[in-house]
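To start, the structure itself, in structure tokens.
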Amino acid sequence: MALSAKTRARKAKKHSEVKEVWRRFRKNKAAMIGLGLAILIVLVAVFADVIVPYDRTTTQVAEKRLQGPSSEHPFGTDHLGRDLFARIVHGSRYSLFIGVSTSVLSLVVGCLLGAACGYFGGRLDNVVMRLLDVFMSVPPVLLSLAVVAALGPNLRNLLIAITISCVPGTVRLIRSVVLTVVDQDFIDAARSYGASNLRIIVKYVLPNAIGPIIVHTTMNIANMILSAAGLSFIGMGVQPPAPEWGALLSSARVYMFRAPYLLYFPGSAILMAALSFNLVGDGLRDALDPRLRN
Amino acid sequence: MYRYVLRRLLLTIPVILGAIFLVFTIMSLTPGDPGTLILGMTADKEDIEALNRELGYDKPFLVRFFNYLADIIFRFDFGDSYRTRTPVFQEIFQRFPNTFYLAVGSMALSSILGISLGILSAVRQYSFIDTFFTVMAMFFAAIPGFWLGLMLMLVFSLRLGWLPSSGVDSWRCFILPTATLSAGGAAGLMRLTRSTMLETIRQDYIRTARAKGASETTVIWKHALKNALLPVITSMGMSFGASLGGAIIIETVFGMPGLGTYIVTSIRQKDVPAVSAATLLLSVLFCLIMLVVDLLYAFLNPRIKARYTS
């Protein structure tokens, strides 16, 4: 009974902490706008088939090529007469999937390596850090491009390429946050009663470093969406006819003078997606910052 | 101080060697052998094998790597292009200045804009100017660079006809690409400068400076700025890396004959030596800029200076 009371108390404390962060997040107007946009994009991606059936993205109507926005085609049609609205709605799945999956992948690798380096230090830390120096000596876009050049341009390789370019920064961040935690007394306490290293890392170190990690991952989603769109734009990512937003812009370029609306909509979609996650990340940083607590 | 400089210089060498190894390893993951890539799938088997042997492709991976490295170090030879069979370095050398001007110009522009607007916003915190530029920075940090480039091209080249939309024939051709490329960097630097400046202004020594009667200008420019800019300088190095990466994509938008367009066409033609050499050159340039930034940081930061002069 005593134990369950303790667990309940701990849960209640955690609950109130989350509530407190949410209370401060809610007061931030920009962050709430960002959250609203992000939820909207997630809903569009999840219910894409309900909003507009997938075959609308592939149906080519020859006599409807390059038509401006109308009630039938709210965003107009592309050079093959395909409905741009349908293509952008279904394209959200690509951007969101790429942004979230690469951020989560690099988070997993970052937690493994970063926590190990920060916690154990010593030779392991030294070797991994020097290796990361090498990875960071190649500018991220170039590193991604080299990987795509070697493996070939498609969705899977794009995921690998941008994850690789994103991992070093994540490892460094998690290592530095872990370093600030490992010196604290409660870690020594955990060690003194015989907890294993793995248990200490998973139960005590990482939960106490969670704030900056969440902020970094949220911002990463925005960055990954931007780099994926950029690589697809130069033909080194998702290939047409897939309705990825960067690829849409790439094929729209040729017709940009005749049909500038082909640029407006996909570009705004990328901007909105990146902006929303940046705003949420900013809001979370402020809400989690203990110095701003009052 | 020279001990720090020497240490930092020596540290750059293994990193550059590591970068060469990394790029070489990634590029050697390319499926297919150079013989087939050069002569084509339909060529005679024996010709392909003979060419592979001539290029040293039959040797083990590490031997190939050290040959490549030795060629670079001793003969400045980055290999021959699979496509033209001429040394890649010539072509890279011709195109390098375009990328260099673009990256350096946009870094300069984004630093000037970002830092000065950041200071302005911090000094006038919560004013209209502050809100305006902070919101602008939010937007520019999220705008995809290539899209901004296309939009600027649409407005300034097509609608207004003020600036050329492509090429590198005159300095006017560089205006749009440089502006495009600097937008993202300026937004990042502005936000960073604003937040470090705000933090510095709240420090005790600033209050002391005000208390002893220093004018507001002296307080901001002499006491606050120097301390606030230290983290900004570190971030400028990274922002140069982003400029180099961004230049690759922006060159494609504006059809500029630089290293970016070279890399992209070489990837399409599976020209492995060309991609490796251009990637390497840009990475080395990035390492050197990071070196300069680190040295600059050390000279400006009395803490590092003190550690090495004592």
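Just so it is clear, the model here is predicted, and its values are computed rather than measured. Only heavy atoms go into these numbers, but all of them, side chains included; no hydrogens, no water, no symmetry mates. Sequence lines set the chain letters: A, B, ... in the order given, protein chains first and strands last, and positions in each chain run from 1.
The neighbour count for B:Phe96 CZ, taken as heavy atoms of other residues, nucleotides or ligands under 6.0 Å away, is above 12. More than 12 heavy-atom neighbours from other residues, nucleotides or ligands sit within 6.0 angstrom of OH on A:Tyr264. More than 12 heavy atoms of other residues, nucleotides or ligands sit less than 6.0 Å from atom CZ of A:Phe257. Atom CZ of A:Phe97 sits in a sparse spot, with 12 or fewer heavy atoms from other residues, nucleotides or ligands closer than 6.0 Å. Within a 6.0 Å sphere centred on OH of B:Tyr126, other residues, nucleotides and ligands contribute 12 heavy atoms or fewer. Within a 6.0 Å sphere centred on CZ of B:Phe140, heavy atoms belonging to other residues, nucleotides or ligands number 12 at most. Counted within 6.0 Å of CZ on B:Phe100, heavy atoms from surrounding residues, nucleotides or ligands total 12 or fewer; the atom is thus considered open.
For A:Phe277, no part sits under 4.5 Å from any heavy atom of chain B, backbone or side chain. The part of A:Met236 that comes within reach of chain B is its side chain, from C-beta onward, which places non-hydrogen atoms under 4.5 angstrom from that chain. Proximity to chain A (any heavy atom under 4.5 Å) is shown, for B:Val264, by both the backbone and the side chain. Residue A:Ile164: no heavy atom, backbone or side chain, is found under 4.5 Å from chain B. Proximity to chain B involves both the backbone and the side chain of A:Ala229, based on heavy atoms less than 4.5 angstrom apart.
For the residue pair A:Ala274 and B:Ala142, the shortest heavy atom distance occurs at CB-O, 3.6 Å. Of all non-hydrogen atoms in A:Arg253 and B:Val253, the two that sit nearest each other are NH2-O, 3.6 Å. The two residues A:Ser137 and B:Phe286 have their closest heavy-atom pair at O-CD2, 3.2 Å. Pairing each heavy atom of A:Ala149 with each of B:Met27, the nearest pair is CB-CE, 4.1 Å. Scanning all heavy atoms of the two residues, the minimum distance from B:Met138 to A:Asp282 falls at SD-OD2, 3.4 Å.
When side chains are defined from C-beta on, A:Arg130 does not count as touching B:Val15, because their heavy atoms never get closer than 4.5 Å. For the pair B:Met290 and A:Met136, the minimum side-chain heavy-atom distance is 4.5 Å or more. The side-chain heavy atoms of A:Leu271 and B:Phe139, taken from C-beta on, include a pair separated by under 4.5 Å. A heavy-atom distance below 4.5 Å is found between the side chains of A:Ser268 and B:Trp147. Put simply, the side chain of B:Ile267 does not reach to within 4.5 Å of the side chain of A:Val148, judged on heavy atoms. The side-chain heavy atoms of B:Phe21 and A:Val134, taken from C-beta on, include no pair separated by under 4.5 Å. A 4.5 Å side-chain heavy-atom check between A:Leu142 and B:Ile263 finds at least one atom pair inside the cut-off. A heavy-atom distance below 4.5 Å is found between the side chains of A:Leu143 and B:Ile26.
When each of A:Leu131, A:Val141, A:Asn223 is scored by its heavy-atom pairs under 4.5 Å with chain B, the top score falls to A:Val141. Options B:Ile143, B:Thr30, B:Thr279 differ in how many heavy-atom pairs under 4.5 Å they form with chain A, and the most are formed by B:Thr30. Chain A forms more heavy-atom pairs under 4.5 Å with one residue of B:Leu280, B:Leu154, B:Val284 than with any other, namely B:Leu154. Note on B:Gly241, B:Pro144, B:Ala19, B:Gly246: by heavy-atom pairs under 4.5 Å with chain A, the leading option is B:Pro144. Interface summary for chain B: among A:Ile270, A:Asp133, A:Leu231, A:Leu151, the most heavy-atom pairs under 4.5 angstrom belong to A:Ile270. Listed options B:Val23, B:Leu29, B:Ile248, B:Leu150 were ranked by heavy-atom pairs under 4.5 angstrom with chain A; first place goes to B:Leu150.
Atom CG of residue A:Leu145 and atom OG of residue B:Ser266 lie 11.0 Å apart, to the nearest 0.5 angstrom. Note that the CD1 atom of B:Ile249 and the CZ atom of A:Phe233 stand 8.5 Å from one another [nearest 0.5 Å]. Once rounded to the nearest 0.5 Å, the distance linking CG of A:Leu263 with CE of B:Met153 reads 9.5 Å.
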